[in-house]
Amino acid sequence: MKQSRAMSLIEAVANVAVGYGVAVVTQILIFPVFGLHTTLAQNLKMGAVFTMVSIARSFALRRLFEAIRVRGAR
């Protein structure tokens, strides 16, 4: 069964939304170990930038693999 583009985007967003929370918590815990001291607001902003990049990457890869699957089914 073929996954629609809309569902690909929804899956990518859901995946990254969960990852966003994990990333922010990880930054808060790990940055000080490396001598980096940031505010919560800075961590949230950095996480948001990485989240947008991750959504675009995940969506593009999903569409690429879907195109490969469809070509292989012909």
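Values reported hereafter were calculated over all heavy atoms of this structure, with side chains retained and with hydrogens, waters and symmetry mates removed. Computed from a prediction, not measured in an experiment: that's the story for all the values here.
The side-chain hydrogen bond (donor to acceptor under 3.5 Å, both in side chains) pairs that include a residue from residues 6-19 are Gln3-Ser8, Gln3-Glu11, Ser8-Arg63, Glu11-Arg62, where partners are two or more places apart or lie in different chains. The salt bridge (Lys or Arg N to Asp or Glu O under 4.0 Å) analysis of residues 18-34, with sequence neighbours excluded, yields no pairs. The salt bridge (Lys or Arg N to Asp or Glu O under 4.0 Å) pairs that include a residue from residues 65-74 are Glu66-Arg69, where partners are two or more places apart or lie in different chains. Sequence neighbours left out, not one pair with a member in residues 40-50 passes salt bridge (Lys or Arg N to Asp or Glu O under 4.0 Å).
Legend: residues meeting side-chain contact (heavy atoms from CB on, under 4.5 Å) with Thr26, ordered by chain and number and at least two apart, are Val22, Ile30.
The closest side-chain heavy-atom distance from Gln42 to Phe31 is not below 4.5 Å.
Between Arg5 and Phe59, the closest heavy-atom pair is O-CE1, 3.7 Å.
Following chains of ILVMFWY side-chain contacts shorter than 4.5 Å, one can reach Leu36 starting from Met46, so the two form part of one hydrophobic cluster.
Judged purely by atom type and a 3.5 angstrom limit, Thr51 uses its side chain to pair as donor or acceptor with the backbone of Gly47.
Hydrophobic cluster of Ile28: the remaining members, joined at side-chain heavy-atom separations below 4.5 Å, are Tyr20, Val24, Leu40, Leu44, listed by chain and number.
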